[in-house]
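Reading through the structure tokens given below for one structure.
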Amino acid sequence: MKVTRELFSDVMVPNYNPAKMIPVKGKGSRVWDQDDNEYVDFAGGIAVNVLGHCHPELVGALKEQGEKLWHLSNVWTNEPALRLAKKLTDLTFADRVYYANSGAEANEAALKLARRWALDHHGEQKNQIISFKKGFHGRTFFTVTVGGQEAYSEGFGPKPGAVEHAEYNDLESLKALMSDNTCAVMMEPLQGEGGIIEPTDEFVKGVRELCDQHNALLIFDEVQSGVGRTGKLYAYMNLGVTPDILTTAKSLGGGFPVGAMLTKADIAESLKPGTHGSTYGGNPLACAIAEKVLDVVNTPEVLDGVKQKEQLFRDGIKAINDKYNVFSEVRGQGMLLGCALNDEYQGRARDFLMASNDQQLMVLVAGANVVRFAPSLIIPDEDIREGLARFERAVAAVVNG
Ligand SMILES: *Cc1c(COP(=O)(O)O)cnc(C)c1O
């Protein structure tokens, strides 16, 4: 059967509008389409392919576990799940892990845990959840309601209640909503989808203090910022603030679907047997791969490399911008960078994405005004240079109409 892009419209629900070309093969930070055209990958599967495509150690882990044991359900536990949980708890503030298959599901678990914890310890009036405008937490109905873009949550009927939104980086707006009835504050310690927006030190510390003052749990959604992307294993490690619950997915599986919620032992007590679950959660195949991802990413070579590669990107983007004057600033950290368009190019991020695609470069947007790069943490320097050369041609194409 010949597979074409036209087939997409014939057989798929139209909620996505993918590019014209269909990738068929990837190696490191290069991807090939059906016609054997080669692309440089600055998108990384939306901050997922943390070690590029088909990393030999991940392929090895997949094959090894694939010939041993794929799936059990949670009626039985398994070795990869327990080994991964041991590593995640040894490496972070957390001492308990819950597994899911995606970021949204990890967040769903975090929100349900927070509500149960508040009920167990304070009573049912403590159910308010506060999050931030422009925040993104996934597409289940609860997580999309907690997310800060109404466009994503409207039109699906009555929403889960007691969810309110403050302004990111504006402590007063959070303060105005908070009370002893606040059960949790959920935030990204670096907003991704919302436009690559970093919190100020003062803001994160203030959020933590307000949570402590009102006995509310602080949930960090590190689905996009986690697993080495900022140059630290988790972004919170750079902020001097520790959450009560942390969610991780995307890069955790390096391209294999897996998610996890991490928390402290006393809070975890509220997810008693039967309160929550997932058929696939803790699947041995997924956990074996995630374990390998952690082993490879959590090394000085990879984490220090992220900072060096960030500088290469920043220098290259600056040189392009000196020539074409399209960006007002470059935001973000490590291998999660956003080029914010200046006044003249407002609303045109997608034009830069399409022009990049024409130059055989895969990039992302974060909203209408930011071009986003979320490549592999180990993207070779020569691929960065080649990708930036292609990006320069794409920028020139947009500027010259
Ligand atoms: C992508 C993302 C999610 C949702 O993850 P899925 O795996 O798509 O469900 C949640 N939170 C943040 C911060 C994300 O970037």
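Ligands are counted one by one from 1 in listed order, and the atoms in each one are counted from 1 as well.
Proximity of Cys287 to Gln65: side-chain heavy atoms (C-beta onward) are nowhere separated by under 4.5 Å.
Between Glu386 and Arg390 there is a salt bridge, since at least one side-chain N of the basic residue sits less than 4.0 Å from a carboxylate O of the acidic one.
The contact shell of ligand 1, taken as protein residues with any non-hydrogen atom closer than 4.0 angstrom, comprises Ser102, Gly103, Ala104, Asn107, Phe136, His137, Gly138, Glu188, Asp221, Val223, Gln224, Lys250.
Asp41 and His53 form a side-chain donor-acceptor contact under 3.5 Å, judged by distance and modelled atom types alone.
Residue pairs that meet the salt bridge (charged side-chain N to carboxylate O under 4.0 Å, His left out) test with at least one member in residues 252-263, sequence neighbours left out, do not exist here.
One finds the CZ atom of Arg393 at 10.5 Å from the CD1 atom of Ile320 (value rounded to the nearest 0.5 Å).
Below 30°, between 30° and 60°, or above 60°: for Phe373 and Phe313 the angle between ring planes is between 30° and 60°, a tilted geometry.
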